[in-house]
Amino acid sequence: MSWACSVTLCIQSGGMLTSVEDLDESNFLIEHADLYASKTSGFWIGIYRNVNGQLLWQDNSALDFVNWGDGQPSGDELAFCVELSAATGHWSVLPCSSQKGFICKKPKIHLFLFTFYLFTDSKKDKASSHLNMWVLLTLVVIILLGVGFMIYFSCKIKTGSGTGREVRRGSRQLEYSRALSAGDNGSDATSNKEKNEHSVV
C-alpha cells in the first residue's frame, strides 16, 4: 500500500502512522515487524518532510531518536516517505508510491474520554456521531438487560428454594399436629373407656 493510503487508513482507524520515540520502542517494532518479514520487506512509519524541509513525526512527537540505515537520508528526495525495514529495523527513504505494509499507533482512550468524544464530536460529523450514539446506546441496553436477568434469576432461585422449605416445614407441622391430635383423641377414648367401665361396676 502506498504511504498516502496508509496514512488515510490509520487516520480512519483512529490513529496515525507510528512514531518511534526511543530505542525501546524501536526494538519493540523490530521484534514484531520481523514476524511479517515474509509478507513485506518494510513498513511505512510516520516521518514526513514539511514545506520548510524539516523532518517531523505525523503525531507531532519530538524527533529525538533516529535509526537511519547507511547513507540515509540523502536529503535530495522530493517525495520523502520513510519505511522501517522488517529485517533490520533501519529506516530508509523510498518513493511514496511504493507498496509497503504500515504500522499505526493509536492513543490510549479511557472509557470516559471515549464517551465524552461521542457526545462532543457531533458537530463535526453528524452521521458518524449518530452511529456512535446508537452503538453506545445498544451497549448500555445490553448491559442493563444482563443485570436485569441476573437479578431476576437470583431472586427466583432464592424464592423458589425458600418456598419449598416452607411447604416442607408446613407439612411436617401438619403431620405433627395430626399425631398430637390423634394422641389426644386416643387418650380421650381411653379415659372415656375407663369412665364407662367404672360406671358399669
Atom [atom1] of [X] and atom [atom2] of [Y]: how far apart are they, to the nearest 0.5 Å?
| X | Y | atom1 | atom2 | value |
| --- | --- | --- | --- | --- |
| L29 | I103 | CG | CD1 | 5.0 Å |
| N27 | L23 | CG | CG | 4.5 Å |
| R49 | C81 | CZ | SG | 11.0 Å |
| L17 | D59 | CG | CG | 9.5 Å |

Restricting to side-chain contact (heavy atoms from CB on, under 4.5 Å), what partner residues turn up for [X], sequence neighbours left out?
| X | value |
| --- | --- |
| N52 | N50, Q54 |
| D22 | D24, E25 |
| S2 | A4, C5, Q99 |
| I151 | V147, C155 |

How close do [X] and [Y] get, heavy atom to heavy atom, and via which atoms?
| X | Y | answer |
| --- | --- | --- |
| W3 | I45 | NE1-O, 3.2 Å |
| M1 | S6 | CG-OG, 3.8 Å |
| I47 | L63 | CD1-CD1, 4.1 Å |
| E21 | S61 | OE2-OG, 3.2 Å |

Could you check whether any side-chain heavy atom of [X] comes within less than 4.5 Å of a side-chain heavy atom of [Y], counting everything from C-beta outward?
| X | Y | value |
| --- | --- | --- |
| V20 | N67 | no |
| V93 | W68 | yes |
| I11 | Q58 | yes |
| L94 | W44 | yes |
| S41 | K100 | yes |

- Is there a chain of hydrophobic side chains (I, L, V, M, F, W, Y, each step under 4.5 Å between heavy atoms) that links I142 to Y152? no

- Can you list every disulfide bond (SG atoms under 2.5 Å apart) pair that touches residues 20-65, not counting sequence neighbours?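 Residue pairs passing disulfide bond (SG atoms under 2.5 Å apart), neighbours aside: none found.
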
- Under the ring pair (Phe, Tyr, Trp, His ring centres under 6.0 Å) test, residues paired with W57 that sit two or more places apart: W91

- Message: Heavy-atom count check: over 12 atoms from other residues, nucleotides or ligands less than 6.0 Å from F28 CZ?
- Response: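 Check fails, neighbour count at 12 or below.
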
- Item | With F102, the side-chain contact (heavy atoms from CB on, under 4.5 Å) member among T18, L9, V7 |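 For F102, the side-chain contact (heavy atoms from CB on, under 4.5 Å) check succeeds only for L9.
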
- Task: Mind telling me whether F153 and F149 have parallel, tilted or perpendicular rings, with 30° and 60° as the class edges?
- Result: parallel

- Message: Please tell me whether S19 and K105 have a donor and an acceptor in their side chains that are separated by less than 3.5 angstrom.
- Response: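 Result is yes, a qualifying pair exists.
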
